[in-house]
Amino acid sequence: MEYNFNELEPKWQAWWRENHTYKVANGGTKPHFYVLDMFPYPSGAGLHVGHPLGYIASDIYARYKRLCGFNVLHPMGYDSYGLPAEQYAIQTGQHPAVTTERNIARYREQLDKIGFSFDWDREVRTCDPEYYKWTQWTFIQLFNSYYCNQAQQARPIAELVDIFAKQGTEGLDLACTEPLAFTADEWRSWDEPKRQQVLMNYRLAYLADIPVNWCAELGTVLANDEVVNGLSVRGGYPVERKLMRQWSLRITAYAERLSKGLADLEWSDSLKEIQRNWIGRSEGAAVWFPLDVPTTSVDAPTGLFMGQVNPQPAPSFEIFTTRPDTIFGVTFMVLCPEHELIDQITTPEQKAEVEAYVTWAKNRSERERQAEVKKVSGVFTGAYAINPLTNEKIPIWVSEYVLAGYGTGAIMAVPAHDSRDFAFARHFNLPIRQVVALEKDAVSDPATWEESMDAKTGYSVNSGFVTGMKVKDAMKAVINKIEEMGIGRRTVNYRLRDAIFSRQRYWGEPFPIYYKNGYPCALPVECLPLELPEVSEFKPTSTGEPPLGHATRWAWDEKNRCVVETSKIDNQTVFPLELSTMPGFAGSSGYYLRYMDPRNDKAYFSKEAVDYWRQVDLYVGGAEHGTGHLIYARFWNKFLFDLGLAVCDEPFRRLVNQGMVQGRSNFVYRSKTDNNLFISKNVKDCASKTVPIHVDVNIVDNDVLDIDKFRQWRPEFKEARFELEDGKYICGWEIEKMSKSMYNVQNPDDLVARYGADTLRLYEMFLGPVEQAKPWDTNGIEGVFRFLKKFWKLFDSGLNNQNAQKEPTKEELKILHQTIKKVTEDIERFSFNTSVSTFMICTNDMTTAKTDNLSVLEPLVVLIAPFAPHIAEELWHRLGHEGSVCDAEWPKYDEKYLVEDTFTYPVSFNGKMRFTIDLPAGVTQSDAVETVMASAEGQKWLAGATPKKVIFVPKKIINIVI
RNA sequence: GCGGAUAUGGCGUAAUUGGUAGCCGCGCCAGACUUAGGAUCUGGUUCCGAGAGGAGUGGGGGUUCAAGUCCCCCUAUCCGCACCA
C-alpha cells in the first residue's frame, strides 16, 4: 500500500475530534505538565510557515510528555483585540468584531490541518466578554491596591485608608507617583475628592499626567515612531509634547522582584539579559546638595523622596549617583529642563536664557532629542550648590542630557569620570578634576585627556578621606559618611517606567471606570463584564475624544447598576464612563491562568485548578516579546500572587524562544532592453544586461521557474520569452523578510496539500535548531517526504510478511535502542532537528537490514508519534491497537544493547601514538590501559621505548605518552 | 557607545560537550530499473592533487598528549537597549 497522506490525515484528525483525544481534565493521579504557546493575533493575512514553527515544537514536547505519563495541558487561543482590525475598520467601515471572527476561523482551519494536540475546549479570546470580564476584574483589583515596599507586596487600598486615618504617612514606605507627607489630622480634615486625589498617588492602577506626543489635528496620542521632526507621519500635522491624563500601571513597584526573580528561571541568558537591561537596576547613593542661596530667599523644597523627608535644614535638592566615590571630583551640577527647582533658583541675569532653553527643550519631540544625542546643549542658571563633603561652591546648569524620568532628574557632574559630563565640560569649558587613577600615583592633567576614565577600577586620588582607597572601598566609605552626616543614603534605582495603560482606540477592553465629581470610581465587580459599546464610527470624535465618545449608550447609572444612555448623565446618579480602552498587553497578561479553568463564570480561575496546574512549565514564543508581554505577564502574575490567586510568583518556569523564519525570495532577470525577455541566471552577462524582479516562490521549484505558470501569473508577463540554460529557467534567490510584497510567503496549506501535515511538521523541525533564526527554503522538503515514504514502506513490508514475528537480531535491537536513546535525549533538550536526522538514520539502517520484525518496529511508531502523529496513528492501528497512539507508553532503552561485544586491540595505530580499541562490556578502563601497556612494551613502532603513561579517553581511543 | 548571540562543504546543518570534523538532508556527479516519473534503488561528493599525499571549522595568538569546542585579541553578521548618571 502506498503512503497516502491525503486520505489518512483528515481521517485521523476527524477521529481525534470525535474521540476527544486531546481533552484534558484538571486533576487525576498523573503528574501534571503545562505546555503553552504564545497565542497569536489573528491577522487578515493568515498563517505563513513561520507561525507554526513554535507550535510544532511545543506540540512535539507536549505529546512526548503525555507519552511519558504526564497529564499535559496544551491550550490555544487568540489575542484578538488590536490595531490592525481597527484600522481596517476605519478604512472599510467593517466592524472589527466581524473581521476578527473571520480571521480566527481562517486561523483555526489552518491550524487544524497541521494536526496539533490542542484542547480546543479551553480556547480563549481576549475580545470575548466572558474572557475580558477577568481582565477588567484584575484592573479593578489593581485600582484598589497599593504597594508596600517594606512588605514587598501589594495590599488593599482600604487598608491604607485606615492607616492614613490613624498615623498619616508616618513610618510608611509606599510605591507612589510623588512623595507626600501628611499627618492623620490632615488626612481626616480632607474632603472626599482630596482624599481620592491622594489615594491616586498610591494605587497600582492610577491616573496621572504623563508627557505624550499629542497631535491636535488628528485628535490622538501618537507613539514616538509616528512622529518625525515634530510633525505626524500621517498628515504632517504639528505634534506637541503634552501632559495628558492617562491610566498607568505601577509596574515600577515590582522592579525589584521582577529583577530578582529572573535568577531562578530557565530562560535563555540573552532574554534574561534583555529583561535585566530593561529593568535597569543600578545601585548607588542618593545625596542632598544644599543650595548656596544668594540674596533672594528660596523656600526649601518640602516633601518626601523615597520615603524620606528632606533631611537638610537649608534649601537643597537631591541627586542620584552610581559613583559616590567620585564626589570630590564634582565641578558642576546639572538639572533636567523639567526640574521644578529651576524657576526658584535661576538668577535674574540668567532668567531669559534659561527660560528660552527650557521652552526649546520642552517642545522637542522624543525623536528629535534622540537623534541628536551627541549634540551638547545646556545653560547656566546663575545659581550654585555646595558640595557637602568639601563645602565648595558648584555652578548649577540645566541640560537635556539629564532625564526627568530617571533618578531625581538632577545629577552631580564628574567630568573626569563620566563621558557625558566630560563632553559637557569640554563644550562649556568647565573644569575637569581627576579623582580616580589606575595606580595610586598615576595622576595626569585632564586637559590633555581625549576621553574620561569611566571604568570602576583603580584608586581614589585627590579625594580627601578616601584618597588611596580602591574604588569599590571608596564607594562604601563615602556612602557611610553621607549616611552618618544625614545627607543621603545607599539606594537602588531602576530604569523601568510605569506602563501607560490608556489607548484612544475602539477595539480594546473598556475600562470598568466611571467619573464621579471628576474622580474615577470602579464599577462593582458583580457588574462585569462592562461590554464594549457599539459606535457609529471608529475614528476619534470631532472634539478630540476617543472613539467611545461616539457611543450613545455609555454612561453608568450608579443606583440601578447598569449602562444607560449618555444623554441621561446628570452627575448625581448617572455618570460618564471612561472613553479610552486598554492596550494590547492587557488581555495577554493573564491568559495562561485562564486556560486552567476557562469556562468559570464565578472566578478568574478556581483555586483547585491553579493548585493543580500551578504555572506554565514550558512556554514557547518569540523573543520580540522580551520587553513587552513577558514583563507585563510577570508583573500581572506577581500581583495575582500577592492577592493569593496565583500560587507561583513566576508564571513561566521554562521559556524557549523560537527563531524568526525569514523568507527566501526568488528572482527572474528581465532584459533592460526588451521587457518581454527574461534571461536565466547563469547565462553569460545576465547580471549586466538585466534587472532582477521578484517572482512568486510558489511558481518556482528548486529555483527552476515554471514558465507556463509565470506567463499566467500576471498580465504583463503574458508575452514573456525566455533565454534558457539546459532547457530550464534558473532563478536567483536572496534571504529577505517574509512578506507579501516580496512574493516569498510560503503558505502551510499548500505544503500540507502537496506533502501532508506530517512532512510539514518534520520539515519545519529539520530546518535547523528551533531557537535559531533561519530562512525558509522549501527545497529540502522532498528529503523528509522521501523519509516518511520509506518509513511507511518498512511497516508495510513488515505487516505483509508472515514471518514477521521471529526473534529480533542483535543488529536490529542495537539500532532500535540507539534510536530511543538519541530521540529521548534530543527532545529533552529541544533539539528536534537532530531527532529527525536520527529517525532517518534508523529507517535507513532498518531498511538496509531488511527489518520486518514488528516487535522492533512497533516502538518506532511511538517514538515518531510526537513528530508525525497522523502516520503514527495509522500504523498504530494497523499494528492491532484499539486506542490512540497518544496514550501509548514512551519506550525505554537498555544500555546492554548499545555496547559492542567484540574486543580487538590494538586495531590501529595512526602514527600519533594513538590506539583505537573497542571496549567490551564489563572491561574497565584500567584493565584496558594495562592490556595496552603490556602489548605496547618492546614494540618496534615505539622504537624500543616503554610507555610512561597510557591515557584512556572515551570514544575508544588510547593515547600513549613515552 | 553598552549588552547579548552567531561564524563549520555549493546549501540547511551534525559532532556523544575537550577525543578520528563534516552525521542526516538538499543539490550535484555516475550508474541501475523502467509502460518516462515531481517514481524507486545503488555508488560517489570538504578543498588542492592523476597519485602518494597535503590543507582544512571567519582571522591571529594561547592552554592541552589532543581544540569546531576552553582562554585572549581582532573581523563580519544578526538581535536588544541607547544621554538611565
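Labels below follow one simple rule: chain letters A, B, ... track the order of the sequence lines, proteins then strands, and each chain is numbered from 1.
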key: Nearest listed nucleotide, side chain of A:Asn779, among B:rC26, B:rC24, B:rC81   =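 Nucleotide nearest to A:Asn779's side chain: B:rC26.
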ask   = Picking from B:rA15, B:rC24, B:rG4, which would you name as closest to the side chain of A:Ile841?
value =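 Of the candidates, B:rC24 comes closest.
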message = For A:Glu338, is there an ion pair with A:Lys362 - N to carboxylate O distance below 4.0 angstrom?
response =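 No, this pair does not count.
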message = Check this for me: does any side-chain nitrogen of one of A:Glu2 and A:Lys793 sit under 4.0 Å from a carboxylate oxygen of the other?
response =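 Salt bridge between A:Glu2 and A:Lys793, a charged N being under 4.0 Å from a carboxylate O: no.
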Please give the nucleotide sitting opposite [N] as a Watson-Crick or G-U wobble pair, both distances under 3.5 Å, or none.
N: B:rG3; result: B:rC79
N: B:rG19; result: B:rC65
N: B:rG43; result: B:rC29
N: B:rG53; result: B:rC48

Closer than 4.0 Å, any side-chain N/O of [X] to the OP1 or OP2 of [N]?
X: A:Arg786; N: B:rC26; answer: yes
X: A:Asn657; N: B:rC79; answer: no
X: A:Ser282; N: B:rA85; answer: yes
X: A:Asn493; N: B:rA85; answer: no

Would you mind reading off the distance between [X] atom [atom1] and [N] atom [atom2], rounded to a whole angstrom?
X: A:Phe785; N: B:rG37; atom1: CZ; atom2: C1'; result: 13 Å
X: A:Trp267; N: B:rA5; atom1: CH2; atom2: P; result: 17 Å
X: A:Asn833; N: B:rG25; atom1: CG; atom2: C1'; result: 11 Å
X: A:Arg281; N: B:rC2; atom1: CZ; atom2: C1'; result: 19 Å
X: A:Ile274; N: B:rG3; atom1: CD1; atom2: C1'; result: 9 Å
X: A:Leu760; N: B:rG25; atom1: CG; atom2: P; result: 20 Å
X: A:Phe320; N: B:rC83; atom1: CZ; atom2: P; result: 17 Å
X: A:Met840; N: B:rG12; atom1: CE; atom2: C1'; result: 12 Å

Pick the [atom1] atom in [N] and in [M], then give their distance to the nearest Å.
N: B:rC48; M: B:rU42; atom1: C1'; answer: 29 Å
N: B:rC26; M: B:rC81; atom1: C1'; answer: 39 Å
N: B:rU8; M: B:rA15; atom1: C1'; answer: 10 Å
N: B:rA7; M: B:rG68; atom1: C1'; answer: 11 Å
N: B:rG49; M: B:rG31; atom1: C1'; answer: 26 Å
N: B:rC28; M: B:rU46; atom1: C1'; answer: 14 Å
N: B:rU64; M: B:rU69; atom1: C1'; answer: 13 Å
N: B:rG19; M: B:rG59; atom1: C1'; answer: 25 Å

Assign [X] to base, sugar-phosphate, or nothing according to its heavy-atom contacts below 4.0 angstrom with the strands shown.
X: A:Val836; value: nothing
X: A:Asp421; value: nothing
X: A:Ile411; value: base
X: A:Lys822; value: nothing
X: A:Pro769; value: sugar-phosphate
X: A:Leu767; value: sugar-phosphate
X: A:Lys790; value: sugar-phosphate
X: A:Arg497; value: base
X: A:Gln772; value: sugar-phosphate

message = Return whichever of A:Tyr763 or A:Leu271 has its heavy-atom-nearest nucleotide of RNA chain B closer to the 5' end.
response =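 Nearer the 5' end of the strand: A:Leu271.
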task = Between A:Pro775 and A:Gly783, just flag the one whose closest nucleotide in RNA chain B comes earlier from the 5' side.
result =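 Comparing both residues, the 5'-ward one is A:Pro775.
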task = Look at the aromatic rings of A:His629 and A:His625 and report parallel, tilted or perpendicular, splitting at 30° and 60°.
result =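 A:His629 and A:His625: perpendicular rings.
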task = Could you check if the base of B:rG62 is syn or anti? Syn means the glycosidic torsion is within 90 degrees of 0.
result =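 Anti for B:rG62; the angle lies over 90° from 0.
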inquiry  = Please classify B:rU17 as syn or anti, treating any glycosidic angle within 90° of 0 as syn.
reply    =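 B:rU17: syn glycosidic orientation.
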Does the ring center of [X] lie less than 6.0 Å from the ring center of [Y]?
X: A:Tyr755; Y: A:Phe5; value: no
X: A:Tyr897; Y: A:His817; value: yes
X: A:Phe332; Y: A:Phe424; value: yes

key: Between A:Tyr401 and A:Asp421, a side-chain donor and acceptor under 3.5 Å   =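 A:Tyr401 vs A:Asp421: donor-acceptor pair found between side chains.
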ask   = What do the steps show when you test A:Ser452 against A:Asp418 for side chain to side chain donor-acceptor pair (under 3.5 Å), and what is the final call?
value = CA-CA 6 Å; A:Ser452 54; A:Asp418 181 286; over 6 Å; no
